[in-house]
Amino acid sequence: MTDLLAGLNDKQKEAVQYTEGPLLILAGAGSGKTRVLTHRVGYLIERGLAEPWQILAITFTNKAAGEMRDRVDTLLPGNGQDVFVSTFHSMCVRMLRRDIDRLGYDRDFTIYDTDDQKTLMRGILKDLKMDPKQYRERGVLSIISASKNEMVDADDYEQGASDFYEKNIAKLYKEYEKRLRKNNALDFDDLLIKTVELFDEYPEVLENWQRRFRYIMVDEYQDTNTVQFEIVRLLSGKYRNLCVVGDDDQSIYKFRGANIENILSFEKSFPGSKVIKLEQNYRSTKSILHAANEVIKNNHERKAKTLWTENEEGTLPTFTEYETASEEADRVTDAVMRSVYRRCEQAVLYRTNAQSRLFEEKCIAKSIPYVIVGGVNFYQRKEIKDILSYLRIIANGVDDLAVGRVINVPKRGIGDTTFQKVIDFAMLEGISLYDALCRADEITGLNKGTLAKLNGFTDLIEGFRSKVLNDNVSLKELIESVRDDTGYAEELAKDDPVETESRLQNIEELISKASDFEEEDSENSEHEENETGLTSLARFLEDVSLVADIDRTDDTGDVLTMMTLHGAKGLEFEKVYLCGMEEGLFPSYASINVDSPDEEIEEERRLCYVGMTRAKKELCMSSAQTRMTNGETHSSHPSRFVDELPRDGVEIHRKKKKQASWEDLDDDYDNPIPRRGFNKPQSFAAEFGGFGSGGSKSVNISRGFGSLDTTPSGKKKSAYMGAFVKGSEMVKEKPDYVVGDRVVSVKFGQGTVKEILDTERDYQITVDFDKFGTKKLLAAFAKLKKV
DNA sequence: TCGAGAATTGTTTTT
DNA sequence: CAATTCTCGA
């Protein structure tokens with residue numbers, strides 16, 4: 001037991017040992033809260049206070065859950081896997097799968113993601129003949145979601161609706177709920193809501209869980225919403241051993257319903273609670289922490305605390321104002337290459353996903369392996385959703401959305417008119433679309449040919465179903481069969497030859513995910529005896545729908561990470577580039593332009609704080625004077641957060657106001673201009689090559705290639721990470737094109753090969769692209785295809 | 001029924 | 001500048 005406390009500071013020890021009653025741990029950035037949490041779990045087990053399975057730990061992502069399990073397992077071998085570690089959403093799904101039939105749902109309900117919600121809402125707007133201009137599905141859905149997060153159901157909302165507009169929203173809300181239920185589907189918010197409902201209406205269900213969980217821990221508590229609060233409150237109602245960990249300064253999910261009050265008034269909600277503050281930071285240098293502290297100080301709604309560190313002073317954070325966004329991306333990627341740190345120890349962070357594009361282009365041009373976290377989620381890709389839709393129909397015959405999605409994918413000559421007839425028939429009979437399809441011969445007004453097409457579709461599905469039920473095919477085989485037997489793969493090739501390869505690769509990845517799942521699933525003995533293949537299929541679909549993008553990041557390989565600030569929560573890097581620090585982008589235009597901007601700006605500031613505190617050793621912030629948005633170039637000023645940085649604690653570079661001459665561009669940056677006349681000796685910024693020595697850089701820094709060969713191999717890289725993530729697995733392969741050939745690249749389109757150079761590591765290809773001009777690319781990265 | 005081209009939107013952030 | 005939706009001809 002002493003082991004478990006070794007290496008912890010006094011506050012951390014206290015947090016680990018304070019096991020009984022409500023406890024709020026205010027854990028500043030980098031204060032070792034994950035450590036405290038895992039040790040606390042270990043302590044509970046070792047002290048015999050609880051069996052592993054009596055401990056519930058709720059994390060923000062599935063990835064974090066996995067890590068925690070592993071870390072507990074390292075502390076106390078053999079125990080980690082039994083601790084109930086989960087996200088709110090996964091936990092709720094698990095509980096609902098057990099008992100949701102009490103609420104009148106089928107236990108193999110489907111989970112609708114944002115796209116599904118939109119499709120559903122679009123249909124409702126159409127059927128209710130509401131003007132889609134006035135009631136945008138996105139807007140309506142966000143009102144519904146916000147209501148659900150505040151536990152306002154459709155009836156409540158209707159009661160509170162005062163004007164015509166709100167009354168109509170209420171109508172939409174009601175219809176939305178009706179259709180969800182009809183499709184036996186839950187949206188993300190429902191997963192939480194229905195759990196509370198279940199607890200409220202069936203106290204014995206609640207009691208069962210209450211008895212089981214003697215100790216409950218919630219990580220990232222500052223980002224919980226009202227429903228989640230309610231779940232926690234209910235679950236901890238019996239033993240009251242609730243420990244929440246969070247940092248109000250890092251609350252960044254208000255837009256998703258996070259209620260910062262949960263953490264601010266924890267002590268009020270749970271009387272007699274203890275508060276422990278962890279203020280020592282083990283992550284960042286003094287200068288980074290100082291800068292971050294100065295920024296967050298400008299927020300008013302926060303619990304008083306000051307982070308400090310015993311770490312070294314370190315180099316000053318930098319801020320550089322570039323002329324264009326493209327230049328920013330160019331310089332930052334240069335800096336990544338020149339840095340003393342390996343690529344995987346660095347991260348480019350930005351406010352919006354759209355910003356990633358420029359960085360991506362530069363990385364490709366410079367052959368920097370990278371991974372973009374976020375953006376289009378793997379499971380939202382068209383080809384994946386199509387395949388999953390088939391699986392959903394096979395698993396759950398009443399999923400109308402899935403039917404609508406693939407009834408004519410690939411094309412089988414079932415158009416809108418026919419489909420509408422099916423919908424009408426289904427409505428009339430009060431049955432699902434799929435059932436309507438099965439009874440297609442009863443539908444009036446269909447000619448023979450069309451009827452045959454519809455039957456073809458149901459035969460296909462029934463064929464799959466019988467494969468699962470009778471032939472016991474594996475998930476892997478099922479997906480392969482969906483891909484091939486439907487003609488989907490063929491259609492892909494016909495549709496969009498350029499994208500085909502990557503789409504097929506994505507499907508391959510889905511298949512390998514399915515195999516992995518199946519393997520794990522069969523080890524899991526908790527299943528009922530007489531279950532069919534369909535139940536395990538349903539489990540797979542459920543598993544898949546709750547995967548966050550961050551969960552899929554594979555941290556093997558020396559690749560540069562790029563992501564939004566939101567995505568960076570909970571992570572740390574040696575060197576961080578915080579880009580696009582412009583007024584209107586960060587803080588976002590939307591946050592400045594609301595009735596009461598204060599609250600919104602404070603959230604943006606917290607986001608800034610989160611970003612800054614990701615950095616361990618070096619922090620480089622930057623902005624661009626002009627940037628292209630929505631096809632328009634517009635100029636902007638550095639973010640107000642830049643003004644909040646300590647004057648003497650940051651090195652500032654702003655472009656001279658003279659006309660830049662392109663020959664000596666570097667010189668323009670030569671003399672960092674201290675702002676507001678502040679004067680101090682400048683320390684030398686090593687990274688932005690050219691700052692110090694006017695172009696002919698005397699960069700004597702190792703280029704971080706040392707890591708190239710250290711990648712633990714064996715693990716398959718995800719196709720999602722793109723063709724550029726290969727690291728050591730890069731095999732030098734002779735290109736199948738020669739000089740003069742026309743080739744196509746995923747990124748740059750078509751071009752003509754100008755030169756092929758056989759270098760030591762790879763072939764270096766010079767291509768004159770039609771749209772992008774001449775580029776030098778490495779064959780392994782560029783993935784050029786002959787046309 | 002379907003595809004190509006035109007028109008029209010729109011940007012925070014995501015479990 | 002996209003990505004998506006719309007429109008029209010075949």
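In the text below, chain A, chain B and the rest are named by the order of the sequence lines, each starting its count at 1. No experiment lies behind these values; they were computed from the predicted model shown.
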Rounded to whole Å, how long is the line connecting atom [atom1] of [X] with atom [atom2] of [N]?
X	N	atom1	atom2	value
A/F188	B/dT15	CZ	C1'	6 Å
A/H634	B/dT11	NE2	P	15 Å
A/K118	B/dT9	NZ	C1'	13 Å
A/I592	B/dT11	CD1	C1'	14 Å
A/N593	B/dT13	CG	P	17 Å

Original post:
Heavy atoms under 4.0 Å, any strand shown: does A/D189 hit a base, just sugar-phosphate, or nothing?
Top reply: nothing
**OP:** Using a 4.0 Å heavy-atom cut-off across all strands, classify A/T352 as base, sugar-phosphate, or nothing.
**Re:**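 Here A/T352 touches the backbone only, sparing every base.
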For nucleotides 1-6 of chain B, give me every protein contact, N/O to N/O, under 3.5 Å, one pair per line with atom names.
unit_1: B/dT1; atom_1: OP1; unit_2: A/T417; atom_2: OG1; d: 3.1
unit_1: B/dT1; atom_1: OP1; unit_2: A/T418; atom_2: OG1; d: 2.8
unit_1: B/dT1; atom_1: OP2; unit_2: A/T417; atom_2: OG1; d: 2.0
unit_1: B/dC2; atom_1: OP1; unit_2: A/G413; atom_2: N; d: 3.3
unit_1: B/dC2; atom_1: OP2; unit_2: A/N408; atom_2: ND2; d: 2.9
unit_1: B/dG3; atom_1: OP2; unit_2: A/K411; atom_2: NZ; d: 2.8

**OP:** Determine, for A/K385 against A/D113, whether the closest basic-nitrogen to carboxylate-oxygen distance falls under 4.0 angstrom.
**Re:** yes
Original post:
Do we see a donor-acceptor contact under 3.5 Å between the side chains of A/E220 and A/Q222?
Top reply: yes
Subject >> Lys/Arg cation over aromatic A/Y105: A/K194, 6.0 Å, 45° cone >> reply: no
Original post:
Hey, is A/F255 stacking on B/dT13? Ring centres under 5.5 Å, planes under 30°.
Top reply: yes
Subject >> salt bridge (charged side-chain N to carboxylate O under 4.0 Å, His left out) partners of A/R405, counting only residues at least two apart >> reply: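 A/R405 satisfies salt bridge (charged side-chain N to carboxylate O under 4.0 Å, His left out) with A/D386 once adjacent residues are dropped.
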Subject >> Partner residues of A/K254 under the salt bridge (charged side-chain N to carboxylate O under 4.0 Å, His left out) criterion, sequence neighbours left out >> reply: A/E599
Of all the choices, [options], which nucleotide is nearest to the side chain of [X] once you look at every atom?
X	options	result
A/N630	B/dG10, B/dT14, B/dT15	B/dG10
A/R357	B/dT15, B/dT13, C/dA3	C/dA3
A/R136	B/dT15, C/dT5, B/dG10	B/dG10

**OP:** Supply the atom-to-atom distance A/L198 CG to A/I193 CD1, rounded to the nearest 0.5 angstrom.
**Re:**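 Rounded to the nearest 0.5 Å, the CG-CD1 separation comes to 13.0 Å.
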